[in-house]
Amino acid sequence: MESAANTPTARLETVQAKIAKTCKIARREVDEVTLVAVSKTHAAEKIEPLLEAGHRVFGENRVQEAQGKWPALKERFPDAQLHLIGSLQSNKAEDAARLFDCIHSLDRMSLVKALPKAFEKAGRQVPCFVQVDVGEEPQKGGCPIPELPALLDAAREREIPLAGLMCLPPADIEPAPFFALLDKLARDNGLDGLSMGMSGDYETAIMLGATHVRVGSALFGGRSP
Ligand SMILES: *Cc1c(COP(=O)(O)O)cnc(C)c1O
């Protein structure tokens with residue numbers, strides 16, 4: 001049983017309060033920070049209370065899982081926005097373009113080539129964050145830093161709408177230097193959006209300029225492996 005203080009709705013209020021407090025300290029407006037509620041692995045019944053409480057921005061990491069849950073939820077809450085935060089296979093680009101309102105994982109040339117066709121077929125353009133491999137961990141995906149300017153040029157050439165940069169820093173070490181690095185890379189490349197910060201470090205990320213924080217377990221509790 002979940003106690004009243006432990007429901008996703010109560011946790012949402014707690015996270016929102018922490019975001020507001022951090023924005024105040026950072027002298028930022030609270031509406032500069034979008035809370036992406038990461039609902040991966042959680043059933044629609046667990047997501048609905050947050051939609052009913054008025055939250056509208058959610059993140060999923062798998063196209064197929066989202067296809068199973070979200071069409072019905074979007075029917076009930078047509079202004080819900082779905083963000084893809086996990087890696088994207090080129091052959092799923094069209095499915096992703098139909099279902100998602102933002103993609104956080106554009107990280108390689110094959111996707112830069114696949115996305116414009118996917119957008120055309122889906123009849124909509126989806127803003128994309130370019131994921132950067134800030135910790136030299138290729139297994140996590142992300143564009144290596146030296147290749148970032150060329151990838152951005154190619155995306156701009158094909159008129160992919162660019163929302164900014166995204167990173168997943170290495171686990172178990174202080175994330176702040178990586179957030180600061182992502183901010184510098186964004187400035188150097190003329191981009192404003194910064195998708196960085198998760199349950200354990202979203203306040204640090206906001207202090208360092210995050211515009212989108214991706215928070216899962218702090219809202220929904222732990223995920224079964
Ligand atoms: C799962 C996930 C998150 C959320 O992680 P929590 O620690 O549960 O907040 C954020 N970003 C990405 C890319 C994820 O896969």
Side-chain angles (χ1 to χ4, degrees), residues 2 6-19 22 33-43 46-47 50 55-70 81-89 92 96 99-108 111 126-143 163-176 178-179 181-183 185-186 193-225:
E2 285 182 320
N6 230 351
T7 59
T9 326
R11 292 201 187 107
L12 174 65
E13 281 178 30
T14 305
V15 171
Q16 281 170 335
K18 287 187 181 173
I19 290 174
T22 309
V33 180
T34 299
L35 171 61
V36 181
V38 176
S39 50
K40 65 186 185 198
T41 77
H42 298 291
K46 220 160 160 191
I47 303 171
L50 292 193
H55 193 73
R56 286 295 176 266
V57 186
F58 291 82
E60 292 281 348
N61 69 335
R62 289 170 193 273
V63 175
Q64 230 169 349
E65 183 187 337
Q67 281 175 321
K69 293 191 278 192
W70 278 92
Q81 273 190 43
L82 197 55
H83 290 220
L84 178 64
I85 59 166
S87 66
L88 176 60
Q89 307 285 313
K92 293 270 168 68
L99 183 61
F100 288 92
D101 303 293
C102 185
I103 293 170
H104 290 236
S105 50
L106 172 53
D107 65 350
R108 57 190 190 278
L111 269 179
V126 181
C128 294
F129 285 90
V130 172
Q131 183 178 346
V132 185
D133 179 9
V134 289
E136 298 186 28
E137 298 176 295
Q139 74 280 8
K140 281 189 176 173
C143 174
L165 299 181
M166 178 273 211
C167 75
L168 259 173
D172 304 321
I173 75 168
E174 171 56 48
F178 296 100
F179 295 154
L181 173 60
L182 195 71
D183 177 47
L185 290 169
L194 290 172
S195 168
M196 58 188 197
M198 322 202 301
S199 291
D201 53 23
Y202 64 92
E203 291 155 288
T204 305
I206 291 168
M207 290 299 295
L208 289 160
T211 60
H212 292 68
V213 292
R214 309 177 309 266
V215 178
S217 44
L219 294 170
F220 293 100
R223 293 177 290 269
S224 20

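Ligands are counted one by one from 1 in listed order, and the atoms in each one are counted from 1 as well. From a predicted model like this one, the values you see are computed outputs, not experimental measurements.
Scored by the side-chain hydrogen bond (donor to acceptor under 3.5 Å, both in side chains) test, T9 finds no partners at all (sequence neighbours excluded).
A donor-acceptor pair is defined here as one N or O able to donate and one able to accept, closer than 3.5 Å; such a pair exists between the side chain of H55 and the backbone of L35. Distance alone, capped at 3.5 Å, is enough to place a donor-acceptor pair between the K46 side chain and the F220 backbone.
Each of the atoms 4 (C), 9 (O), 10 (C), 11 (N), 12 (C), 13 (C) of ligand 1 lies under 4.0 Å from some heavy atom of R214. The distance from ligand 1 to the heavy atoms of S199 drops below 4.0 Å at these ligand atoms: 6 (P), 7 (O), 8 (O), 9 (O). The V215 neighbourhood of ligand 1 comprises atoms 9 (O), with distances under 4.0 Å to a heavy atom of that residue.
With a heavy-atom cut-off of 4.0 Å, K40 touches ligand 1 through its side chain alone.
In this structure the side chain of K18 never reaches within 4.5 angstrom of the side chain of V215, judged on heavy atoms. Between R214 and L168 the shortest side-chain heavy-atom distance falls below 4.5 Å.
Considering only non-hydrogen protein atoms, atom 13 (C) of ligand 1 sits nearest to I85 O, 3.5 Å. The protein heavy atom nearest to atom 10 (C) of ligand 1 is M198 SD, 3.2 Å.
For ligand 1, the polar-atom distance check against V38 finds no nitrogen or oxygen pair separated by under 3.5 Å.
The environment of CD in E174 is crowded: more than 12 heavy-atom neighbours from other residues, nucleotides or ligands sit within 6.0 Å.
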